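Have a look at the structure below, then the notes.
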Amino acid sequence: MHPSRPEKVRFAPSPTGFFHVGSARTILYNWLVARKSGGSLLLRIDDTDAERNREEWVDGIYRAIQWLGLDWDEGPIRQSSRIEQYQSVAFDLLHKGAAYWCDCTREAIEERKAPGTPPGYDGFCRDRGLGQGPGRALRFRVPDGPVIVSDLIRGEVTFPSGSIEDFVLLKSSLAPLYVLANVVDDIDFAITTVLRAEEHLPTTPKAVLIHQALASPIPRFGHLPVLVNEQRRKLSKRRDRVAVEDYRQLGYLPEPMINYLALLGWNPGDDREFFALDELVHAFTLERVGHSPAFFDEQRLLHFNKSYLASLSPAAFATVAHPFVASLIALHAEGEERFVQIAPEVQTRIGTLSELPAMIGFLFHFDPNYQEIVKRLRADDIGYLARVSAALQDLEHFTEEEIETCLRDVAASLATSLRKLQAPIRLAITGAPVGPPLFSSMAILGQDECVTRLDSLYRVASNE
RNA sequence: GGCCCCAUCGUCUAGAGGCCUAGGACACCACCCUCUCAAGGUGGAGACACGGGUUCGAAUCCCGUUGGGGCUGCCA
């Protein structure tokens, strides 16, 4: 069943904003690796930066994961609760000579720099033998020599000697920084594979160096291509609409979201495009993850959402659709019955559930803007309305079939087409030029209400 | 600036030296179907960034150029 050994992976978001689709993809890929290998997923909240974290963002992480239909096997653990452990490892590094205290301010580092030289710390305090004290940060002593990172997705990446500065482990407040905290946790929780976004690739050699200094085994790293916007820039919580919660509210469903995200950066190697989560577990392999940045294309997401909605059973569709029209349904005594009847008719007509109110609202509450509607009427339409109203009043059984037969007869007698005849009727009945199938909508509405609406529009139109 | 990553239709991608007059999907266009709109069906337009190699043969391998991106913080 499991071709490889069980992987212990982790998903480690930092709660500094809305949970966005890039994070969703990262946890998905991690989750798939864990499931496929028979391993487990650790959820870790990287909240070492107290300044930027907010508790509501933490809740947002849990909610989004749950909504996506994913879960975790261990945790959540909070890095903010393990500060002492990170500090203890940092001091261990200090005692091993792999770290040193530094009192350089950012300004001092800048001033020492000759114009034109690249930014970064120059190692000024390396051998000053400073002890711990106020204003002193603990820096890692980066050894000479290149660092080779073996990446699951990109192969070997070499960082030349001298390209990595002596980075900070502990702030002068003794607060640990993320590279340190990450490495300590990855060791303590026995992480076997670190799968994360490509933006972390430049810090990976630092992690490798810390592992080496600690003489601990190095996990396997894999860096996923970043997700970009149409300007080809990394998706940003500030610039782009990317919050998973936004998509939920717009009426996107988790299954197509997962499906789309899975295919953004990964492909099965054949032409298959629709996958359920459990199917992804079987099909997914890291080998088939792409290398280049991928544009998060809402059009394509819409396609998956639309296809998914259409694939649902009528009952399942009604269930997911209901919350988006609940307040409308409540407006009419027969609201629930009407909703159940119309739901199958609109299932293939919407891309997102939020389109529903505008499309079927006329069944529950009718308050048309007659001025706008009249503008859409053509010369013959007013006469059509009167004829149709009269004909409909004589129907014995107000069913979809009878209505259609009746209207075809009217169209024939008026020497016009059903296509042309239905246009003014649709406006009178639904208030809009497009919408669900007209005849079934009318049957749902009932004879009296249809006649009333036809007559109302007729009156308004003929008085002008 | 430095380091790193990336490079096939507008977009997501297939392609692991001959199967490629480069395949699929989204979007787009046309036609069919049709009570509107969808859905469905058929067809169409649309890409190997450029230059050198290697090879009998390159979208596929190597080098360079160009372009894009990421990182460059006592953020993550």
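First the proteins, then the strands, lettered A, B, ... as listed; each starts at 1. Here the structure is a predicted model, which is why all the values come from computation and not from measurement.
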**Asked** Taking atom C1' in both B:G18 and B:G57, what distance in whole Å separates the two?
**Response** 6 Å
**Asked** Taking the same atom, C1', in B:G24 and in B:A47, what whole-Å distance lies between them?
**Response** 14 Å
**Request:** Please tell me which of the listed nucleotides, B:C75, B:C35, B:A14, lies nearest to the side chain of A:N267?
**Result:** B:A14
**Complete:** From CG of A:L392 across to P of B:C35 the rounded distance in Å is 17 Å
**Item:** Donor-acceptor side-chain pairing of A:R196 and A:H223 below 3.5 angstrom
**Value:** yes
**Message:** Counting only side-chain heavy atoms from C-beta out, which of B:C35, B:C12, B:C4 sits nearest to A:L264?
**Reply:** B:C12
**Asked** Just wondering, are more than 12 heavy atoms of other shown residues or ligands nearer than 6.0 Å to CZ in A:F18?
**Response** no
**Prompt:** Once you round it to whole Å, what is the distance between P of B:G73 and CD of A:E107?
**Reply:** 13 Å
**Message:** Under 4.0 Å between a side-chain nitrogen and a carboxylate oxygen: does that hold for A:R141 and A:D127?
**Reply:** yes
**Message:** Can you see whether A:F275 has A:R272 sitting over its ring - NZ or CZ less than 6.0 Å from the centre and within 45° of the normal?
**Reply:** yes
**Item:** Check: A:R241 and A:Y247 side chains under 4.5 Å, non-hydrogen atoms
**Value:** yes
**Prompt:** Using a cut-off of 4.0 Å on non-hydrogen atoms, how would the nucleic acid contact of A:F295 be classed: base, sugar-phosphate, or nothing?
**Reply:** sugar-phosphate
**Asked** So, is A:R419 close to the B:U36 phosphate, meaning a side-chain N or O under 4.0 Å from OP1 or OP2?
**Response** yes
**Asked** Would A:C450 and A:F398 count as a side chain to side chain contact (heavy atoms under 4.5 Å, CB included) if you check the C-alpha gap in whole Å, the side-chain angles of each, and the deciding distance to 0.1 Å?
**Response** CA-CA 10 Å; A:C450 286; A:F398 205 69; 3.8 Å; yes
**Message:** Please report the distance separating the P of B:G43 from the corresponding atom of B:A7, rounded so that it comes out in whole Å.
**Reply:** 33 Å
**Item:** A:W266 and A:Y29 aromatic centres sub-6.0 Å
**Value:** no
**Message:** Once you apply a heavy-atom cut-off of 4.0 Å, does A:S292 come out as touching a base, just sugar-phosphate, or nothing?
**Reply:** sugar-phosphate
**Prompt:** Which nucleotide in the list B:C74, B:U11, B:C5 gets nearest to the side chain of A:L177?
**Reply:** B:C74
**is_close_aromatic(A:W57, A:Y62), centroid dist under 6.0 Å** = no
**Asked** Touch check for A:G290, heavy atoms < 4.0 angstrom, all strands: base, sugar-phosphate only, or nothing?
**Response** nothing
Give me the distances for all protein-to-nucleotides 60-66 of chain B N/O pairs that come in under 3.5 Å?
none

**Asked** In Watson-Crick or G-U wobble terms, both distances under 3.5 Å, what is the partner of B:C26?
**Response** B:G10
**Asked** Roughly how far apart, to the nearest Å, are B:C61 and B:A45 at atom P?
**Response** 29 Å
Grab the N/O contacts between the protein and nucleotides 45-51 of chain B below 3.5 Å, and write none if there aren't any.
none

**Message:** Does A:R300 qualify as a cation-pi partner of A:Y260, given the criterion of NZ or CZ under 6.0 Å from the six-membered ring centre and within 45 degrees of its axis?
**Reply:** no
**Item:** Between B:A76 (P) and A:R54 (CZ): distance, integer Å
**Value:** 18 Å
**Sugar-phosphate, base or nothing in reach of A:P436, heavy atoms under 4.0 Å** = base
**Message:** Using every non-hydrogen atom in the two residues, find where A:P357 and A:V325 come nearest and quote the distance to one decimal.
**Reply:** N-CG1, 3.9 Å
**Asked** Considering only side-chain heavy atoms of A:K306, which listed nucleotide, B:C3, B:A38, B:U36, is closest?
**Response** B:A38
**Prompt:** Counting any heavy atom closer than 4.0 Å, what does A:A294 reach on the DNA or RNA strands: base, sugar-phosphate only, or nothing?
**Reply:** sugar-phosphate
**Message:** Any non-hydrogen side-chain atom of A:L195 less than 4.5 Å from a side-chain atom of A:L152?
**Reply:** no
**Message:** Between A:R78 and A:N53, do the side chains contain a donor N or O and an acceptor N or O under 3.5 Å apart?
**Reply:** no
**Item:** Whole-Å P distance, B:C29 and B:C37
**Value:** 14 Å
**Message:** Less than 3.5 Å apart, any donor N or O on the side chain of A:E156 or A:S150 sitting next to an acceptor on the other?
**Reply:** no
**Request:** Tell me what A:T430 touches on the nucleic acid: a base, only sugar-phosphate, or nothing, going by heavy atoms under 4.0 Å.
**Result:** nothing
**Request:** Strictly below 4.0 Å, heavy-atom distances to any atom of RNA chain B: list the hits from residues 344-358 of chain A, or just say none.
**Result:** A:T348, A:R349
**Complete:** Here the distance between atom C1' of B:U13 and atom CZ of A:F296, to the nearest Å, is 17 Å
**Asked** Distance between the P atoms of B:C33 and B:C50, in whole angstroms?
**Response** 44 Å
**Asked** Can you tell me how far C1' in B:G17 sits from the matching atom in B:C62, rounded to whole Å?
**Response** 14 Å
**Prompt:** Taking atom P of B:A39 as reference, at what distance in whole Å does atom CG of A:L302 sit?
**Reply:** 10 Å
**Request:** Compute whether any side-chain donor of one residue and acceptor of the other, for A:S80 and A:D47, lie under 3.5 angstrom apart.
**Result:** yes
**Asked** Looking only at atom P, what distance separates B:C6 and B:U60, rounded to whole Å?
**Response** 16 Å
Atom pairs, protein N/O to nucleotides 67-71 of chain B N/O, distance under 3.5 Å:
unit_1	atom_1	unit_2	atom_2	d
B:G70	OP1	A:K234	N	3.2
B:C71	OP1	A:K234	NZ	2.6

**Message:** Pairing donors with acceptors under 3.5 angstrom, does anything connect the side chains of A:T203 and A:Y178?
**Reply:** yes
**Message:** Would you say CD of A:E56 has more than 12 non-hydrogen atoms from neighbouring residues, nucleotides or ligands within 6.0 angstrom?
**Reply:** yes
**Complete:** To the nearest angstrom, the CZ-C1' distance between A:R426 and B:U34 comes to 12 Å
Look for any protein N or O under 3.5 Å of an N or O in nucleotides 23-26 of chain B and output each such pair with its distance, or none.
unit_1	atom_1	unit_2	atom_2	d
B:A25	O2'	A:E273	OE1	3.0
B:A25	O2'	A:R300	NH1	3.0
B:A25	N3	A:R300	NH1	3.4
B:C26	O4'	A:R300	NH1	3.2

**Asked** Is the shortest heavy-atom distance from the side chain of A:Y86 to the side chain of A:L169 under 4.5 Å?
**Response** no
**Message:** Between P on B:G2 and CD1 on A:I109, what's the gap in Å once rounded to a whole number?
**Reply:** 21 Å
**Request:** Would you mind telling me which residue lines up with the more 5' stretch of RNA chain B, A:V168 or A:S163, judged by nearest nucleotide?
**Result:** A:S163
**Request:** Report the distance from atom CD1 of A:I342 to atom C1' of B:A38, rounded to the nearest whole Å.
**Result:** 13 Å
**Asked** Counting any heavy atom closer than 4.0 Å, what does A:R376 reach on the DNA or RNA strands: base, sugar-phosphate only, or nothing?
**Response** nothing
**Request:** Report yes or no: does A:R52 contribute a side-chain atom to a donor-acceptor pair with the main-chain N or O of A:S14 at less than 3.5 Å?
**Result:** no
**Prompt:** Do A:T430 and A:R453 meet the criterion of a side-chain donor-acceptor pair at a distance under 3.5 Å?
**Reply:** no
**Candidates B:A76, B:C74, B:A14 - which lies nearest the side chain of A:Y178** = B:A76
**Request:** Keeping to residues at least two apart or across chains, list the ring-ring contact (aromatic ring centres under 6.0 Å, His included) pairs with something in residues 124-159 of chain A.
**Result:** A:F140-A:F167
**Request:** Check every strand shown and say whether A:G162 touches a base, only sugar-phosphate, or nothing at a heavy-atom separation below 4.0 Å.
**Result:** nothing
**Asked** With a non-hydrogen cut-off below 4.0 angstrom, is A:L201 in contact with a base, only sugar-phosphate, or nothing?
**Response** sugar-phosphate
**Prompt:** Under 3.5 Å, is there an N or O donor on one side and an acceptor on the other linking the side chain of A:R154 and the base of B:C5?
**Reply:** no
